[in-house]
**Student:** 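A single structure is presented below for examination.
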Amino acid sequence: MTPVASLGRSGLADFVLQRATAVVLAAFALCVLGWFLAAPVNHARLAAFFGTLPMRAFTTLAILALAAHAWIGMWTVGTDYVRRHYFGRRHALYLAIYQIGCAALVFLYLVWPLAVVWGVAR
Amino acid sequence: MPWRRRQPPVAERFAPVVDVSQLPVMEFDGVIVGGGGAGLRAGLQLARSGLKTAVLSKVFPTRSHTVSAQGGITCAIASEDPDDDWRWHMYDTVKGSDYIGDQDAIEYMCSVGPEAVYELEHMGLPFTRTESGRIYQRPFGGQSKNFGKGGQASRTCAAEDRTGHALLHTLYQNNLRAGTVFLNEWFAVDLVVNQDGAVAGVVALNIETGEVVFVKSKATVLATGGAGRIYATTTNAMTNTGDGVGMALRAGLPVQDIEMWQFHPTGIHRAGVLVTEGCRGEGGYLVNKDGERFMERYAPNAKDLASRDVVARSMVQEIMEGRGAGENADHVLLKLDHLGAETIHKRLPGIVELAKTFAHVDPVRELIPVVPTCHYMMGGVPTNVHGQALTQGAGSGDRVVEGLYAIGEAACVSVHGANRLGGNSLLDLVVFGRAAGLHIEETMRQGVAFRAASETDLERAGARLVRWDHSVGGESVAKLKEELQRLMLVNFNVFRSGERMRASIHQLAELRERIGQAHLADKSRVFNTARLEALELDNLLEVAEATAIVAEARTESRGAHARDDYTERDDENWLCHSLFFPGERRVAKRAVNFAPKTVDTFAPTARSY
Amino acid sequence: MRISLYRYDPDADAAPRMENLELDIPGVGDLMVLDLLERLKAIDPSIAYRRSCREGVCGSDGVNMNGRNGLACTTPVSEVARRGKLTLRPLPGLPVIRDLVVDMTQFYRQYEKIKPFLQNEDPPPARERLQTPEDREKLNGLYECILCACCSTSCPSFWWNPEKFVGPAGLLQAYRFLADSRDTATEERLAELEDPFSVFRCRGIMNCVSACPKGLNPTRAIGKIRTMLVERGI
């Protein structure tokens with residue numbers, strides 16, 4: 001199954017993806033944190049560290065995981081709270097605005113860091 | 001005054017009084033009044049046969065009192081004992097009834113029983129299991145092998161100590177599957193009886209909206225359960241107000257054996273909450289204040305598993321002779337602590353919960369204070385084995401009331417006679433719920449039309465509503481109800497005396513006057529429970545009065561009916577059913593059936609345990 | 001005892017109101033909340049609430065007592081009252097019909113949705129279907145549910161999506177049939193539960209567990225359903 005496309009259709013896929021991406025993010029966070037603690041940080045070392053191919057690949061994976069994780073989470077929050085009960089007759093419109101907003105943000109946080117990592121913006 | 005309002009009371013509001021001639025009409029092939037075990041079993045039978053069926057219940061069905069049944073459903077499925085025989089079960093039941101149970105009906109119940117229990121299992125009822133995977137059976141009171149000669153039997157099929165809950169939920173679930181129409185939280189006000197004496201349906205009140213409707217049906221089934229709430233303490237739910245029996249009596253129909261009220265030996269002292277006989281089946285026993293297992297004196301063979309009337313009388317005797325436990329020496333104690341924590345938690349988990357909540361004792365370590373408590377109405381609307389309601393024709397022979405059925409505790413088939421055996425009520429529900437369903441199905445197949453009802457017929461059925469809604473001033477329902485319940489508790493308990501009963505009959509006549517003048521203070525429309533309680537009080541009164549008059553008339557002691565002025569069983573005059581006819585308030589006798597189809601008659605003998 | 005009682009009659013009140021009442025009877029703490037309500041109703045018959053068995057098995061009288069859901073008939077006043085005050089409200093999250101009586105349609109609809117009946121299309125044997133004591137044991141803690149709605153109405157996910165999230169009570173029953181060795185519709189049942197709402201709206205906050213008057217654990221049942229779904233997905 002194609003994970004992100006199935007969002008909102010299979011709760012099981014969302015559930016599994018949410019947890020899988022959490023594992024990736026945790027691993028990435030530990031990896032970066034370890035590097036930060038290992039030695040004094042400066043830009044040259046940082047650029048060198050993230051410049052290696054394995055680290056670029058890992059970072060890409062983490063960025064994708066973050067996007068999927070965030071989208072599932074934000075979509076869920078929206079469908080919990082943006083409801084007729086609180087927002088009245090136009091709740092569907094508000095939900096759509098909220099979801100477009102979230103999608104735009106997720107997209108931004110997907111494209112921007114990818115561009116940084118792969119040096120398109122350089 | 002212990003009560004102060006900080007806000008002004010809402011002025012009494014008058015809802016528009018019902019105009020019976022303008023009632024909306026709903027039509028069904030079969031309408032079952034009552035959503036307990038019997039009603040749901042009948043409903044299931046009808047719905048599965050494709051008939052347009054409605055179950056009309058004043059509570060959501062799983063709130064019905066069947067849910068409180070604990071110990072199990074007695075039936076010879078030969079799981080614990082491969083040689084078990086339904087005829088042995090029949091013998092026990094006849095003996096338990098003190099020989100006024102109809103033997104054709106008991107034969108039918110005991111022989112069809114296994115099939116009905118297997119059906120429940122197939123529907124999903126989560127019975128406790130034996131090592132071989134079969135249904136677990138426990139010993140219950142009054143059970144024997146080989147016609148009383150083979151010792152104690154274990155014949156009660158159980159789902160832990162929550163059998164009624166498991167049974168009721170299973171039946172409700174299967175009704176959902178079968179597409180039964182549920183009129184939940186509707187109250188049947190009265191039967192609509194036409195000029196031919198046939199039943200055309202019921203006038204019913206939608207509790208949520210206050211709407212009154214004529215629910216028209218080709219067959220109306222009373223499955224309204226018992227009326228234990230005529231007593232101030234009872235194991236019964238607060239909803240057990242004898243609505244079906246009240247409706248039948250107001251329609252001029254007789255009730256049978258209504259003086260026979262079972263007092264369950266183990267109701268929790270004060271709270272009245274039931275502790276299953278299964279406790280004694282699992283090895284528990286009763287002790288007096290001296291710690292003596294007194295049932296050994298009263299019933300040397302069966303001891304604590306003698307039938308309920310015997311145990312209840314023995315307990316009262318212990319208390320009267322000063323061997324009661326507690327500060328006021330007014331109860332005895334149920335001992336389970338020797339069974340061990342594991343057995344208790346595995347077989348009686350619900351009892352642990354109830355004992356902790358209502359008696360503040362943990363049965364694993366402490367004794368439970370118990371007293372005999374009103375539990376079951378053996379009497380009810382007389383019926384044949386198909387559940388058809390009976391009255392007496394001109395030549396005093398049985399006559400079927402067209403269009404009316406009665407099943408379960410509201411009915412008197414009679415399989416329980418003067419004393420019901422534990423575990424037989426759940427069997428009664430499913431066997432006769434099913435039987436009534438089968439008979440209605442068959443009748444419908446032969447073709448039945450809706451019966452006509454005139455405006456006068458409807459007016460009569462709606463009269464109670466109009467009377468309460470017109471009431472201004474007068475005594476409160478709560479006060480009158482309490483008075484009635486006290487009166488019954490004191491004078492129609494385990495032991496009864498002629499003099500006190502005669503006085504009570506006068507007091508009940510007075511109460512009838514006063515209830516006729518009583519006041520419904522809240523006349524609002526939506527979910528008006530005050531109106532319900534007023535309507536229920538009418539039913540309680542009908543049942544209480546019938547009980548009192550017949551109990552006084554039966555000048556003997558038999559089964560649950562024990563008099564201190566007539567202490568012996570009188571087979572010469574009273575080996576018969578009693579019939580109470582409302583209106584003229586006449587007590588008549590009706591012959592007991594002694595002609596089973598496939599076995600020899602069990603002739604009355606002295607009853608000892 | 002000061003009692004603050006939620007009152008609402010749609011024919012008389014524009015909006016719900018809290019009625020302040022005082023009841024001074026000795027030993028009030030030993031009473032169950034239902035007994036207290038009965039005393040109040042004897043004085044003011046217009047107070048509306050549901051009740052039946054008064055021993056905690058019928059599930060009629062679920063109410064909110066000082067903020068906690070529970071059965072009025074098995075909750076001693078002393079257990080919920082704080083400094084001589086008791087606030088009684090209807091179960092939260094469901095429409096109120098009158099006073100403490102809520103409209104449970106939504107709750108029952110979720111229960112019906114999980115097909116709460118044993119499905120087994122094999123022709124039944126002449127006697128009972130056999131089940132080992134071990135298999136039967138798996139139903140303990142599941143079948144005892146009394147449908148009082150204390151759990152589902154204490155669950156924020158159910159408040160938010162009562163028409164889509166089955167809720168703890170319904171899911172407990174869903175698992176009761178999934179766990180029954182006699183039921184053969186496991187695949188169909190799981191397929192019905194796979195969407196993002198039915199099961200997966202549970203966040204495991206365990207309000208249901210602390211609310212359940214029968215001591216059942218819907219959260220654990222939900223966890224087991226999830227595991228079954230995951231295993232089926234792999």
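The chains referred to below are lettered A, B, ... by the order of the sequence lines, with proteins before strands, and numbering in each begins at 1.
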**Student:** Tell me, out of B:Glu115, B:Lys479, B:Glu131, who's got the most heavy-atom pairs with chain C below 4.5 Å.
**Tutor:** B:Glu131
**Student:** At a heavy-atom separation under 4.5 Å, does B:Thr66 approach chain C through its side chain, its backbone, both, or neither?
**Tutor:** neither
**Student:** Check each atom of B:Tyr172 against the heavy atoms of chain C and say whether the ones under 4.5 Å are side chain, backbone, both or neither.
**Tutor:** side chain
**Student:** Quick check for you: among C:Thr74, C:Leu139, C:Asp35, which has the greatest number of heavy-atom pairs under 4.5 Å with chain B?
**Tutor:** C:Thr74
**Student:** So what's closer than 4.5 Å to chain C heavy atoms on B:Thr170: side chain, backbone, both or neither?
**Tutor:** neither
**Student:** Between C:Arg39 and B:Glu482 (salt bridge meaning N to carboxylate O under 4.0 Å), is one present in this structure?
**Tutor:** no
**Student:** To the nearest 0.5 angstrom, please state how far the OG1 atom of B:Thr235 sits from the CD atom of C:Glu55.
**Tutor:** 7.5 Å
**Student:** Counting heavy-atom pairs under 4.5 Å with chain C, which one of B:Val59, B:Val67, B:Leu168 comes out on top?
**Tutor:** B:Val67
**Student:** Using non-hydrogen atoms only, which part of C:Val57 is less than 4.5 Å away from chain B: side chain, backbone, both, or neither?
**Tutor:** both
**Student:** So which part of C:Leu142 gets closer than 4.5 Å to some heavy atom of chain B, the side chain, the backbone, both or neither?
**Tutor:** neither
**Student:** Determine yes or no for a side-chain-to-main-chain donor-acceptor pair under 3.5 angstrom, with B:Glu208 supplying the side chain and C:Ile97 the backbone.
**Tutor:** no
**Student:** What I want to find out is whether C:Glu137 reaches B:Arg129 closely enough, with some N-O distance under 4.0 Å, to be called a salt bridge.
**Tutor:** no
**Student:** Heavy-atom distance under 4.5 Å to chain B: side chain of C:Pro10, backbone, both or neither?
**Tutor:** side chain
**Student:** Quick check: does any side chain N or O of C:Arg136 sit under 3.5 Å from a backbone N or O of B:Pro126, one acting as donor and the other as acceptor?
**Tutor:** yes
**Student:** Within residues 80-88 of chain C, which residues come under 4.5 Å of chain B, heavy atom to heavy atom?
**Tutor:** none
**Student:** Select one option (side chain, backbone, both, neither) describing which atoms of B:Phe527 are under 4.5 Å from chain C's heavy atoms.
**Tutor:** both
**Student:** Between the side chains of B:Asp522 and C:Arg98, is the shortest nitrogen-to-carboxylate-oxygen separation below 4.0 Å, so that they form an ion pair?
**Tutor:** yes
**Student:** Taking side chain as everything from C-beta outward and backbone as N, CA, C, O, which of these in C:Pro76 sits under 4.5 Å from a heavy atom of chain B? Side chain, backbone, both or neither.
**Tutor:** neither
**Student:** For B:Ala534, which atoms come within 4.5 Å of any heavy atom of chain C: side chain, backbone, both, or neither?
**Tutor:** neither
**Student:** Sub-4.5 Å heavy-atom contacts with chain B: which residues of residues 109-123 of chain C show up?
**Tutor:** C:Tyr111, C:Glu112, C:Pro116, C:Phe117, C:Leu118, C:Gln119, C:Glu121
**Student:** Sort B:Ala530 into side chain, backbone, both or neither according to what part of it lies under 4.5 angstrom from a heavy atom of chain C.
**Tutor:** both
**Student:** Given heavy-atom pairs under 4.5 angstrom as the criterion, report whether the side chain, backbone, both or neither of C:Arg182 touches chain B.
**Tutor:** side chain
**Student:** In terms of heavy-atom proximity below 4.5 Å to chain C, should B:Leu120 be classed as side chain, backbone, both, or neither?
**Tutor:** neither
**Student:** Spell out, as yes or no, whether a donor-acceptor pair under 3.5 Å connects the side chain of B:Arg525 to the backbone of C:Asp11.
**Tutor:** no
**Student:** Find the one option among B:Glu119, B:His65, B:His169 whose heavy-atom pairs under 4.5 Å with chain C are most numerous.
**Tutor:** B:His169
**Student:** If I measure from the heavy atoms of chain C, does B:His122 come under 4.5 Å with its side chain, its backbone, both, or neither?
**Tutor:** both
**Student:** Under 4.0 Å between a Lys/Arg side-chain N and an Asp/Glu carboxylate O for C:Glu144 and B:Arg162?
**Tutor:** yes
**Student:** Checking C:Ser52 side chain against B:Ala237 main chain: does a donor-acceptor pair fall under 3.5 Å?
**Tutor:** no
